[in-house]
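Structure first, commentary second.
Note that the structure is a prediction, hence the values are computed from the model and not measured. Throughout, protein chains are lettered first and strands after them, A, B, ... in sequence-line order, and every chain is numbered starting at 1.
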Number of protein chains: 2
Amino acid sequence: MTSSHLHQTRCQTCSLSSLCLPLSLSLDDVEQFDTIVRRRAPLTRGETLYMQGEAFENVYAVRSGSLKQTIIDTDGEEQITSFYLPGELVGLDSIDSAVHPGFLTALERTTVCEIPFKRLESLSEHLPELRHQLYRCMSREIVDDRRLMRLLSSKSADERLASFFHNLSIRFDRCGHSAERFRLPMSRSDIGTYLGLAIETISRVLGRFQQQELLTIQGRHVEILDMAALKKHAGIIAPCCNERRRA
Amino acid sequence: MTSSHLHQTRCQTCSLSSLCLPLSLSLDDVEQFDTIVRRRAPLTRGETLYMQGEAFENVYAVRSGSLKQTIIDTDGEEQITSFYLPGELVGLDSIDSAVHPGFLTALERTTVCEIPFKRLESLSEHLPELRHQLYRCMSREIVDDRRLMRLLSSKSADERLASFFHNLSIRFDRCGHSAERFRLPMSRSDIGTYLGLAIETISRVLGRFQQQELLTIQGRHVEILDMAALKKHAGIIAPCCNERRRA
DNA sequence: CGACGGTTTGAGTTGCGTCAATTCGTGTGG
DNA sequence: CCACACGAATTGACGCAACTCAAACCGTCG
């Protein structure tokens, strides 16, 4: 039956476990961890995992697909603050206020693991590695946000987009896709909102990138032709943060 | 003698303890916590607490004064990613890579408490409240960074500065200063780098704010005359995040 | 008093946003 | 199966907010 099917998958056999919270846990510990994880039915494109203002109960690990976080400001403007790919942890920004600061929406068919935060917290009492991993995840999120801040505060449209694609490439690579060819899960408009650029600017810059033969892009299919040049265009280089992570 | 003087101050008697990590600890627990905290000699204006690339060992709680974090990008450009005021925790972004991502520099005479992270982590094993407080601090830092991202990605110079002053006002208020009158610890140039604006723009906008009688500013002395109007100018309103925090 | 950061003010330039029109792509219904 | 419709993406023309460069001003410290 369906519900048992949903519970079949386990951390022990998950291909993403080397990216996810169980990262540095022993087999025994992973087994303990696995018991508090709930598998959810897949979300379809556009479906929301939670709403802005909703009470915070769980964090989520992305298994497949992708999501975006959208925050609606007091002035009613919509902003995208982050995208989440497989192996990444969603909801860490909700701990402080115990309320979700934004909407979490699936960009495509997406499966996530639901992890009740209270139980995660208690479990972390006896698993120092898990605790450390949690601290690291949150710390990394801060570092990544700071990188985006620097991008937004002083970089040109070209640099922002080059950095964006370079960053995506690294993250797709890490979760088992190709670093050179991938399908964009988000629309141009999403990219624009995220990078603080008008959709028309996105379009123009991508046109330029194709002329310069940095990459090709048709619809949502991207192929990066000259990674080195893309990196150079980016200015702020993501790998300096990302290499270390793997260590 | 001096060194004993430095160790005199204790968390139990610190006026900031209600903002800081010991926030929700019992008296006994605060005492335990206090034993791992090291008081340092004050930093003078311009002195660095740590350098970019240095190994991460400690986090720091600001007791008095203020600091800025500066990151030098691969392209050599200098960016200020955050300011830290009394009661705030510094260094949480260094956990992931175990290396400080930027320089931490005192903006004025500043005292900090040094907290060895390894010992903090072990201590947190037996103090659930401390653990939770740490998670909250990190989560809050993410939320605050996201707010700045939204500011940078789509707000005008006026909105950025209004939001900046409003935010400062709240934070000064929280650590015991006046919300309406305070001394800016940072230069206009620092503000510009932080908000992604040219120093000339800062100057012009502040001129405009004075004409509109939102505030007066001479040198570094600020007086906010019309908090409500300032808030309205800000668009993104900080308090929505900050009110919750106190709950 | 003169020198030197830090700040303000002015004039000219430009990257990107806005508006508007066109094209492309995909799904729908006759 | 084609025609139509609708949203997503592109392209072009134009304006403006903020940047850059340059000069003047200010406070402070030797």
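- Checking the phosphate oxygens (OP1, OP2) of D:dA8, no side-chain nitrogen or oxygen of A:Ser187 falls inside 4.0 Å.
- For C:dG17, the OP1/OP2 oxygens have a side-chain nitrogen or oxygen of A:Thr201 closer than 4.0 Å.
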Quick one: which protein N/O atoms are closer than 3.5 Å to N/O atoms of nucleotides 23-28 of chain C? Pair and distance per line, please.
none

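- Salt bridge A:Glu159/A:Lys232: absent, no basic N to carboxylate O contact under 4.0 Å.
- Of the charged side-chain nitrogens involved, at least one lies within less than 4.0 Å of a carboxylate oxygen, so that B:Glu141 and A:Arg146 count as a salt-bridged pair.
- The residue B:Ile202 sits apart from the nucleic acid: no heavy atom pair falls under 4.0 Å.
- Each of B:Arg208 and B:Glu200 has a nearest nucleotide on DNA chain D; the 5'-most of these lies closest to B:Arg208.
- Heavy atoms of other residues, nucleotides or ligands lying less than 6.0 angstrom from CZ of B:Arg45 number 12 at most.
- Ring centroid separation for the pair B:Phe209 and B:Phe165 does not come in under the 6.0 Å cut-off.
- Under 3.5 Å, the side chain of A:Arg204 and the base of C:dT18 form at least one donor-acceptor pair of N or O atoms.
- A ring-centre distance under 6.0 Å is found for A:Phe56 and A:His100.
- Closest to the side chain of B:Ala157, out of D:dA18, C:dG17, D:dT11, is D:dA18.
- If you look at B:Phe182 and B:His221, their ring centroids are not closer than 6.0 Å.
- Put simply, CD1 on B:Ile199 is 14 Å from C1' on D:dC26, counting in whole angstrom units.
- In the set C:dT18, C:dT7, D:dT20, the nucleotide with an atom closest to the side chain of A:Ala198 is C:dT18.
- Rounded to whole angstrom, the span from the NZ atom of A:Lys155 across to the C1' atom of C:dG15 amounts to 16 Å.
- B:Gly196 comes within contact range of the sugar-phosphate backbone alone, with a heavy-atom separation under 4.0 Å but no base atom that close.
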